[in-house]
**Student:** 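One structure is given below, represented as structure tokens, and several questions about it will come after.
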Amino acid sequence: MSQSQSLKLAALAGDGIGPEVMREAIKVLRAVENKHGKKFGFSIEITEAPVGWAGIDAAGKALPDATLALCKQSDAILFGSVGLPDRDPTIPKEERPERAALLRLRKEFGLFANLRPVVLSKALAHACPLQPDRQGDGIDILVVRELTGGMYFGRPKETTDLGDGKKKAVDTMVYTTDEIARIAHVGFRAARLRRKKLTSIDKANVLENGVLWRDVVTAVAKEYPDVTLEHMFVDNGAMQLMLKPTQFDVMLCENMFGDILSDEAAALAGSLGMLPSASLGQTTGEKTFGVYEPAGGTAPDIAGKNLANPIAQIASAALMLQYSFGLNEAGVAVHNAIAKVIADGLRTGDIYSAHDAKARKVGTSEMGDAIATAVAG
Ligand code: NAD
């Protein structure tokens, strides 16, 4: 990245707990800017805008035109979450925030890669459904999922009548060399920022798509000789996640396998409040546009009570520093700050255990303050 660059960020907090956790992420980004801005020559320009029901209330649309315009002028979007199940049930499906805001953004910015890191530190062993002896020194997996191809979008996709009340449903799994190579590059580049191992998931023993997937990933791997590549069938991958999750660094998956395995892996982290995500579009020059957001939703049951865990939002901001802003060291500093406050015993309600003598229950803002302080320290 060139010197003294101003990085433009659109902060769309959305509904429910969105504004509460976004506030903490911005606090941490300001601490990052103070600590690392001079050294690495950057400043962060943050502009907030309404989305979701907040967008409908402000401008009659879940993704107001002004919000979309802001996103287009920005280098990345930090997104909270949208949707409130109890609001106006009569509004048509396509105008509801989940579709009109999120899916629209995905389409508008051609987001084809979804990154879901799953981190479980030793201090949160109790929150993981696996026995401690299967958790090793902690779990740290990145699921890289292709987002725009495969069975979810392939044509034909239809249900036909066979008569006698019987029907036939067809979905089609399609991938091209270019689509596989594009996501494979994202996976290998991510592995380079981590422990340099990539496990490519496929079903090459049964599916033509799997054979092509394996061939293309193997070819792309030649450009990343420093990354160790292994191939694994998806059924074995699902089993290995439960048996020995510590063997994985980056898991590279097509759309449907990634959808399923990322949720399975997510269960290992113990709480939705710990899970960030990134959806990336094309890289132009040094820049990769991305939407960064918590894996969870608006959590209406705890909204407005200072109970939400802000870590998913803060870790999403850290991914943004790494993947869109090219500030890997600053991003890692945020991940380390999160690890430090967890090791120090700070817990929001979702990750608290009364059996942990070291644990101290805190609210959303205190957790954000502690992470910002750890970044500054
Ligand atoms: P949810 O993820 O909002 O909540 C599920 C459970 O997880 C709740 O008990 C909640 O309290 C808890 N939880 C989630 N995030 C948390 C956090 N940061 N800290 C502590 N606890 C947390 O899922 P839901 O209840 O099924 O959905 C609520 C609304 O959110 C719906 O309108 C749904 O459509 C929407 N939603 C939006 C997104 C998005 O914007 N990307 C994603 C999922 C759901």
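In each ligand, atom 1 is the first atom listed, and ligand 1 is the first ligand listed. Numbering of residues begins at 1 and proceeds along the displayed sequence.
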**Student:** If the plane angle is over 60° it's perpendicular, under 30° parallel, otherwise tilted; pick one for Trp213 and Tyr175.
**Tutor:**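 Aromatic pair Trp213/Tyr175 classed perpendicular.
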**Student:** Looking at atom 40 (O) of ligand 1, tell me if a protein heavy atom falls under 4.0 Å from it.
**Tutor:**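 Protein heavy atoms within 4.0 Å of atom 40 (O) of ligand 1 - there is at least one.
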**Student:** Without hydrogens or angle criteria, can the side chains of Thr348 and Asp350 be said to hold a donor-acceptor pair below 3.5 Å?
**Tutor:**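 The criterion, which ignores hydrogens and geometry beyond distance, is satisfied for Asp350 and Thr348.
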**Student:** Which atoms from ligand 1 have a heavy atom of Ile302 less than 4.0 Å away?
**Tutor:**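 Under 4.0 Å from Ile302, ligand 1 has these atoms: 11 (O), 20 (C), 21 (N).
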**Student:** Can a donor-acceptor pair be found, under 3.5 Å and without considering hydrogens, that links the side chain of Arg195 to the backbone of Asp140?
**Tutor:**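 Present.
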**Student:** Ligand 1 versus Asp301, non-hydrogen atoms closer than 4.0 Å: side chain, backbone, both, neither?
**Tutor:**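 Near ligand 1, Asp301 shows its side chain, while the N, CA, C and O stay back.
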**Student:** Name the closest protein heavy atom to atom 4 (O) of ligand 1, giving the residue it belongs to and the distance to 0.1 Å.
**Tutor:**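 Its nearest protein heavy-atom neighbour is Ala299 CA, 4.2 Å.
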**Student:** Below a 4.0 angstrom heavy-atom separation, can you tell me which part of Asn309, side chain or backbone, both or neither, approaches ligand 1?
**Tutor:**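 Asn309 to ligand 1: contacts from backbone and side chain alike.
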**Student:** Can you sort out which atoms of ligand 1 are near Ala308, meaning under 4.0 Å from one of its heavy atoms?
**Tutor:**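 Near Ala308, the atoms of ligand 1 are 19 (N).
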**Student:** Any donor and acceptor pair, going by atom type alone, linking the side chain of Ser324 with main-chain N or O of Met320 inside 3.5 Å?
**Tutor:**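 No; judged by distance alone, with no hydrogens or angles, the pair does not exist.
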**Student:** Just do the salt bridge (Lys or Arg N to Asp or Glu O under 4.0 Å) check on Glu33 and Arg30 with the steps written out, would you?
**Tutor:** CA-CA 5 Å; Glu33 189 182 33; Arg30 288 295 171 225; 2.8 Å; yes
**Student:** For ligand 1, does Ser271 get within less than 4.0 Å through its side chain, its backbone, both, or neither, judged by non-hydrogen atoms?
**Tutor:**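 Neither part.
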**Student:** At less than 4.0 angstrom from any non-hydrogen atom of Glu293, what atoms of ligand 1 do you find?
**Tutor:**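 What qualifies from ligand 1 is 41 (N).
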**Student:** Output yes when a side-chain donor or acceptor of Arg116 lies under 3.5 Å from a complementary backbone atom of Ser277, and no otherwise.
**Tutor:**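 No, Arg116 side chain to Ser277 backbone: no donor-acceptor pair under 3.5 Å.
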**Student:** NZ of Lys244: more than 12 outside heavy atoms within 6.0 angstrom?
**Tutor:**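 Counting neighbours around NZ of Lys244, 12 or fewer heavy atoms of other residues, nucleotides or ligands fall under 6.0 Å, so no.
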**Student:** Any non-hydrogen atom of Pro85 lying under 4.0 Å from ligand 1?
**Tutor:**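 Yes, Pro85 has heavy atoms under 4.0 Å from ligand 1.
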**Student:** Who's the nearest protein heavy-atom neighbour of atom 7 (O) of ligand 1, and how far?
**Tutor:**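 Residue, atom and distance for the closest contact: Leu272 CD1, 3.6 Å.
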**Student:** With a heavy-atom distance limit of 4.0 Å, tell me whether Leu102 approaches ligand 1 through its side chain, its backbone, both, or neither.
**Tutor:**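 Looking at Leu102 and ligand 1, just side chain atoms fall under 4.0 Å.
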**Student:** Is the closest basic N to carboxylate O distance between Arg182 and Asp178 below 4.0 Å?
**Tutor:**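 Judged by the 4.0 Å cut-off on N to carboxylate O distance, Arg182 and Asp178 do not form a salt bridge.
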**Student:** For atom 28 (C) of ligand 1, which candidate among Gly297, Pro300, Gly83 provides the closest heavy atom?
**Tutor:**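 Shortest heavy-atom distance from atom 28 (C) of ligand 1: Pro300.
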**Student:** Sub-3.5 Å donor-acceptor pair from the side chain of Arg360 to the main-chain atoms of Leu346, do we have one?
**Tutor:**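 No, because the side chain of Arg360 does not come within donor-acceptor range (under 3.5 Å) of the backbone of Leu346.
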**Student:** At a non-hydrogen distance cut-off of under 4.0 Å, which region of Thr298 contacts ligand 1 (side chain, backbone, both, or neither)?
**Tutor:**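 Both of them.
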**Student:** Please report which non-hydrogen protein atom sits nearest to atom 32 (O) of ligand 1, along with the residue it belongs to and the distance in Å to one decimal place.
**Tutor:**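 Going by distance alone, atom 32 (O) of ligand 1 is nearest to Glu98 OE2, 3.0 Å.
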**Student:** Is any N or O atom of Leu307, backbone or side chain, closer than 3.5 Å to an N or O atom of ligand 1?
**Tutor:**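 No; the residue has no nitrogen or oxygen that sits under 3.5 Å from a nitrogen or oxygen of the ligand.
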**Student:** Looking only at distance, does Pro294 have an N or O less than 3.5 Å from an N or O of ligand 1?
**Tutor:**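 No: no nitrogen or oxygen of Pro294 is under 3.5 Å from one in ligand 1.
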**Student:** Quick one: does any side-chain atom of Glu146 pair with a main-chain N or O of Thr148 as donor and acceptor, under 3.5 Å?
**Tutor:**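 It does hold such a pair.
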**Student:** So is Val82 touching ligand 1 or not, going by heavy atoms under 4.0 Å?
**Tutor:**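 Yes.
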**Student:** Does the pair Arg87/Asp15 count as a salt bridge with the N-to-O cut at 4.0 Å?
**Tutor:**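 A salt bridge is absent here (no side-chain N lies under 4.0 Å from a carboxylate O).
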**Student:** Among all the protein's heavy atoms, is there at least one whose distance to atom 26 (O) of ligand 1 comes out below 4.0 Å?
**Tutor:**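 No, because not a single protein heavy atom sits under 4.0 Å from atom 26 (O) of ligand 1.
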**Student:** Counting only heavy atoms closer than 4.0 Å, does ligand 1 sit against the backbone of Gln313, its side chain, both, or neither?
**Tutor:**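 None of Gln313 does.
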**Student:** Quick check on contacts: which atoms of ligand 1 are under 4.0 angstrom from a heavy atom of Ser81?
**Tutor:**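 Answer, ordered by atom number: 39 (C), 40 (O).
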**Student:** Under a 3.5 Å distance rule, please check whether Lys157 uses its side chain to pair with a backbone N or O of Thr172 as donor and acceptor.
**Tutor:**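 A pair under 3.5 Å: no.
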**Student:** Verify, without hydrogens or angle tests, whether Lys358 (side chain) and Ala343 (backbone) share a donor-acceptor contact under 3.5 angstrom.
**Tutor:**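 At least one qualifying donor-acceptor pair exists.
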**Student:** Relative to ligand 1, is Leu84 under 4.0 angstrom through side chain, backbone, both or neither, heavy atoms considered?
**Tutor:**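 Contact part for Leu84 vs ligand 1: backbone (N, CA, C, O).
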